Amino acid sequence: MRALVLRIVVGLMAALALSAGVVPTALADSSTPRLAAYYDRFLAVCAGAAYEWSGDDKPQQVLRDVVQVGVGRSESYALAGDGRLRAWSGDAREAVVLLEGVQSFAAGSTGVLAIKTDGSLWRVERGGSLAPGRGQTVLTPVARNVKAASVGDGTNYYVTADGNLFAQGNAQRGQYGDGRLDSTATYVRVATGVRDIKSHTGHAILRNDRGDVQGTGGNIYGPLGRHGLGDKAVRWGLILDGATGIATGASHSLAIRADQSLWIWGRNESPDPRSVLADVIGVAAGSDTSIALTQDGALWQWRTGTKPRRIFECAR
């Protein structure tokens, strides 16, 4: 009974936060739990339902009672209001439960990092098939007192409740931001005063307690702005200030500022951030495509170097 009450309370808190437009600290692979992108695959939460699509296809409803979505290399993920994290590859009607008692999660190339309601962080791996009745979920404890996490292409990150940022995995492009270029088997602290972290193909961006956006890692196409442009940055460098949300894709990045203006930079854009859309409450980035949700409930999509276009009416 006690566990049931806890799940109901968690679900109500998440639903209230979403309906009020409040963005919790720990998110998926975007600035908001309502959007997710990975290369050319996308998910969005509209009125508690998950919508899925690829490329320029029309979003299609796939699941209900969803408070957060995520996208991996070939899998899709949805967190229900009762704290159950589901995954599927292909047909969402065959989604399997990976873990219960989840508060939020991050998904990406190498799988999932899930934050449970007690603040503990777990690596979630599915051995074998995602089909119901097949495969087995493997859980590995990572850390405690975690408020945010990110799964990159070879480098993973998490942020503790006191703002310490930890990284583990590939470092050859400067992904740690502390000057090292050698990978580590265990997580090491690489920054302090961090609010949020997002990562993708060989690079990462963070948002600190002051709202500054900083980046490190590979920067051939400019997802880190002018910091290490043309090659890589091995230490965290300032890109933008006054941010309330961030997202990064394969070669471009985005930030939402306090006035809800959306700023973009990187491949097919200038390395200097420019304003691209107003009244934005959430954004996610894929390969060369971005999706955004505006205050009026509209869902937008566009490729870098082009103007955003309204593709769907996404009720709250």
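Just so it is clear, the structure is predicted and the values come from calculations on it, not from any experiment. Both backbone and side-chain heavy atoms feed into the values below; hydrogens, waters and symmetry mates do not.
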Within 6.0 angstrom of D91 CG, more than 12 heavy atoms from elsewhere: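 Counting neighbours around CG of D91, more than 12 heavy atoms of other residues, nucleotides or ligands fall under 6.0 Å, so yes.
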Can you list everything that forms a side chain to side chain donor-acceptor pair (under 3.5 Å) with [X]? Sequence neighbours excluded, please.
X: S290; result: H252
X: Y187; result: none
X: R226; result: D272
X: T216; result: none

Side chain to side chain contact (heavy atoms under 4.5 Å, CB included) evaluation trace for S31 with I246: CA-CA 5 Å; S31 75; I246 54 174; 5.9 Å; no
Separation between [atom1] of [X] and [atom2] of [Y], rounded to the nearest 0.5 Å:
X: T294; Y: I281; atom1: OG1; atom2: CD1; value: 7.0 Å
X: L85; Y: L79; atom1: CG; atom2: CG; value: 6.0 Å
X: K198; Y: L206; atom1: NZ; atom2: CG; value: 11.5 Å
X: D196; Y: R207; atom1: CG; atom2: CZ; value: 5.5 Å
X: E125; Y: L98; atom1: CD; atom2: CG; value: 11.0 Å

Set of side chain to side chain contact (heavy atoms under 4.5 Å, CB included) partners for [X], sequence neighbours left out:
X: R303; value: D40, D56, D288, T289, T306
X: P308; value: V276, L277, W300, W302
X: L240; value: V213, A255, R257, W263, W265, P273
X: D212; value: N208, R210, L238, D241

With E269 via salt bridge (Lys or Arg N to Asp or Glu O under 4.0 Å) - residues at least two apart: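 With neighbours one apart ignored, the set is R274.
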For D231, salt bridge (Lys or Arg N to Asp or Glu O under 4.0 Å) partners two or more places apart: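 Only R173 meet the salt bridge (Lys or Arg N to Asp or Glu O under 4.0 Å) criterion with D231.
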Summary of ring pair (Phe, Tyr, Trp, His ring centres under 6.0 Å) pairs that have at least one residue in residues 49-88, sequence neighbours excluded: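 The answer is F42-W53, Y51-F312.
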Where at least one partner belongs to residues 200-227, residue pairs that pass ring pair (Phe, Tyr, Trp, His ring centres under 6.0 Å), sequence neighbours excluded: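 Listed by first then second residue: Y38-H200, Y39-H200.
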From Y158, F166, W122, residue fulfilling side-chain contact (heavy atoms from CB on, under 4.5 Å) relative to V146: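 Exactly one option meets the side-chain contact (heavy atoms from CB on, under 4.5 Å) with V146, and it is Y158.
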Pair L181-V234, side chain to side chain contact (heavy atoms under 4.5 Å, CB included): steps then yes or no: CA-CA 8 Å; L181 294 173; V234 299; 3.8 Å; yes
R34 vs L293 side-chain heavy atoms within contact, under 4.5 Å: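 They are in side-chain contact.
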Step-by-step salt bridge (Lys or Arg N to Asp or Glu O under 4.0 Å) determination, R310 to D296: CA-CA 11 Å; R310 199 176 185 123; D296 60 0; 3.1 Å; yes
